[in-house]
Undergrad: 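This is the structure I have questions about; it appears just below.
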Amino acid sequence: MMPTQNQFTKSNDATCSPPVPESVMTSTREEFNNIQLKKIWGELPNDLQGHVFIAAPNGSVNSHLPYANGDSIVNGDGTIYRLDFDRPGEVRLSSKLVKPPCYYADDATKPGTQYAKYQFNNHGMGRFSTSLGLRNQLNTAFLPMRFAPDESDRLLICWDGGRPYEVDPVSLEVATPMGSNQEWRPEAKTPLKFIFNPVMSSAHPYFDPWAKDEKGRDRPVAFTVNYGKSLATILKSIPCPLTPGKLLRPIDSIFGWFAEFLEADRSQKGFWIGFCQWLWQLLLCPISWLAKIFAKMDDFVYLISWDGKNDLERWNIVQENGSPVKIAQTMHQIGVTEKYVLLMDTAFQFGLGQIINNPLPQSPGLERFLRALLTTPQLPDTVLYIIRRADLKCDPNPAKREPQVKVKARKVVIPREAIHFLEDYENPDDRIVLHIGHVCAWEGAEWVRNYDRFANTSEPIPDRVHGMISEEMDISYVGRYILDGETGEILQQDAIRDFTCTWGIAFYTYRPDPQTGMMPAKLDNIYWTSLGLWKETLTNFLFHLTKDYPYRTVSPSDLLLYGDEGVPPCLFRVSTGEAEIAISDRYQFPEGYMVNSIQFVPCKAPDSSSTKGYIVCTVFLPTSHEIWIFDAENLAQGPVCKLNHPCLEFGFTTHATWLPKIATRTASYNVDVRQDYESLVKAKKNPQIEQMFENEVYPHFS
Ligand SMILES: [Fe+2]
């Protein structure tokens, strides 16, 4: 039931929203090897098994978290944490920074080194060098893969802004990228000749263990995407100009004053903001054409499949009228079913636009002014593209040239936006069953800037939360949809929200196959976490930016009242029944706590129930980090065990996965680092950079 203004009278007088836990903003970059976690509460279940892998962005070569200047905490080198449940009565933890070649280039060029003039800097959620290109930070999610029954599990770590990399599940060392540089099309080929070209992919590729080849033989494959945007598409979503240099402080202060004026009551200045945005788009037309011609920046989407041993296969995905698919935001997650591949334009802005968006890190007044004047909200709808797998004919020589096989996709629009979705594998009567977490009015790529102010009081937000991810500006929904795969028609839809559970839906898990760790064919119970609602991250800027959100459930004024009160995070289970979905079980965390990175661990007993097992998650207490374990059949009773370690500081962890067993990687597939980068390095025609690669990058991969 919707709350009323009167329900908040008390909290409006005396604000009681707890502070964001500082632990979610802090991390150590120290790597651990097989340390034993300490049980601090409850009993460790004796039927836990296997290994949980957790990803996290973890600062840069210059800094652990938090960043002193308030940069986003999700901009960071990936770190992999592995929890081992393979010894009775104990849990051990190992961790390792993910170190692809660009990591070593970043380390070699940090301030104070002989190559410092090529250094990388944080730009939004990316890290960029004007000489070398974009870091592949590999900090978001995993993909377990088993290509043959007698092969041990293989593991990809993935990020939106680069190629996935395979890691050794035992050593956690980087093994190889998925595909060579030649097989991935950059978002832009600029005259700057980047060595680390910006490559857009999906943080959640899909592994299909049931896939067949054209003759009906088993041929498990991984699917992902490689896409790019024209400059016009990029600047429609994050429209700020790239300007070198630094403004004089008085001039920057004037821009800051204008920014404050625009942010104060954005809706009343709608005409002038709209006019400026239109003018800006008009000015960009010739620039976009030049970018298309000289930087080869264009809208494209390639679907990629990989069998774990050969070159990538690629298809050029186009709309039904043959025109390119234009991805306005990102393709954070893709889905695959028996008959269809599902691509989504997800509500998360990332890419070259973020580099452009933060042109003058040392001129915050200008940055704030441009953000206030030109930023537009994310798309309020979910745009889905359905591809028939029967249309995916083999492309004979994908590594050598652009994919020639064009495959049409059917566009479907579902109300309310999303970042994450899951799907049942089977397609009875060509039907597609989708499970979607709708993140309503949540600007996922925004973060609390050091000049942001509270939405309710307009007072400055304290330093301690600068860099934290943004807050949702409306309550989230979970939905279940049945689509006709051939027509795209939405045959059935059911979307629900809950005023305890669904404030800021974040991470998900489900019971993986206990034998293989793979996703099950049908999902009848899905576990989700929510971020909750925190007054400290309800910014004035985002509050006004999203005021006119078309699917609003909680009015802006009620949102502020909820924020004053605060809503704790939640772990909850959604039963995805045939007729309707329902929240069947829930646990609301104590005030001042946060939860991330949930992972279902099937218990040892042979049981096919999708609730039989445990939920392992990372929990952020006001000043410390813990691992909590829940009985997946009874979340409401609270955790059955809590673990920690005095050295453990894992920052804002992201997605997790589970493998029943781990073994040292034996697969022969390997993209040689020198061969992969040599031509790109030589094309720079810079002896110092060549020397840097010879001395600081290649030796780590020889
Ligand atoms: Fe994700």
Side-chain angles (χ1 to χ4, degrees), residues 24 52-58 72-76 78-81 98 124-126 136-144 155-165 200-207 222-225 227 327 329-336 342-351 354 378 382 384 417-423 434-440 442-447 469-470 472 476 478-479 502 504-510 512 519 523 526-531 569 571 594-600 617-618 650-658:
V24 81
V52 170
F53 295 78
I54 298 169
N58 190 359
S72 170
I73 58 168
V74 297
N75 180 345
T79 293
I80 301 174
Y81 298 90
V98 184
M125 292 191 181
N136 184 357
Q137 296 188 299
L138 296 164
N139 61 20
T140 305
F142 300 97
L143 184 70
L155 191 63
L156 289 180
I157 180 138
C158 313
W159 187 54
D160 294 274
R163 294 178 287 177
Y165 267 73
M200 294 303 297
S201 185
S202 176
H204 297 277
Y206 187 98
F207 182 73
F223 284 99
T224 191
V225 284
Y227 65 98
I327 299 300
Q329 300 167 133
T330 52
M331 305 178 82
H332 182 69
Q333 185 154 33
I334 69 165
V336 174
L342 310 169
L343 307 183
M344 186 181 280
D345 196 336
T346 48
F348 177 65
Q349 304 273 14
F350 179 75
Q354 290 231 331
Q378 292 179 157
T382 290
L384 187 75
E417 63 272 49
I419 295 178
H420 294 124
F421 71 103
L422 301 162
E423 62 288 318
L434 283 180
H435 311 278
I436 301 182
H438 290 291
V439 285
C440 301
W442 192 354
E443 302 290 314
E446 282 290 338
W447 68 99
I469 64 166
S470 72
E472 73 277 11
S476 302
V478 283
T502 65
I505 284 180
F507 299 101
Y508 62 83
T509 191
Y510 46 77
M519 188 173 172
L523 294 162
I526 301 173
Y527 296 78
W528 295 88
T529 65
S530 61
L531 179 74
L571 167 63
M594 277 190 183
V595 56
N596 278 12
S597 308
I598 51 171
Q599 179 56 47
F600 196 115
C617 56
T618 54
F650 42 64
F652 191 88
T653 58
T654 50
H655 291 277
T657 196
W658 175 81

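Each ligand, and each atom within it, is numbered from 1 in the order the structure gives. Throughout, numbering of the chain's residues begins at 1 and tracks the sequence.
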Undergrad: Once the angle between the rings of His420 and Tyr508 is folded into 0 to 90°, is it parallel (under 30°), tilted (30 to 60°) or perpendicular (over 60°)?
TA: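 Answer is perpendicular, since the angle exceeds 60°.
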
Undergrad: Mind counting the protein N, O or S atoms sitting less than 2.8 Å from the Fe ion (ligand 1)?
TA: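 N, O or S atoms of the protein closer than 2.8 Å: 4.
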
Undergrad: Is it true that a side-chain atom of Ser202 and a backbone atom of His332 form a donor plus acceptor pair closer than 3.5 Å?
TA: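 Checking the backbone N and O of His332 against the side chain of Ser202, a donor-acceptor pair under 3.5 Å is found.
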
Undergrad: Taking side-chain contact (heavy atoms from CB on, under 4.5 Å) as the definition, give me every residue that meets it alongside Ala506, ordered by chain and number, with sequence neighbours left out.
TA: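 With neighbours one apart ignored, the set is Thr529.
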
Undergrad: Any donor and acceptor pair, going by atom type alone, linking the side chain of Ser597 with main-chain N or O of Ala656 inside 3.5 Å?
TA: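 No, Ser597 side chain to Ala656 backbone: no donor-acceptor pair under 3.5 Å.
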
Undergrad: Is a side-chain N or O of Ser201 found less than 3.5 angstrom from the main chain of Pro164, in a donor-acceptor match?
TA: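 Answer holds: no.
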
Undergrad: Step through it carefully: locate the ring centre of Phe507, locate the ring centre of His655, and say whether they are under 6.0 Å apart.
TA: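 Ring centroids of Phe507 and His655 are less than 6.0 Å from each other.
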
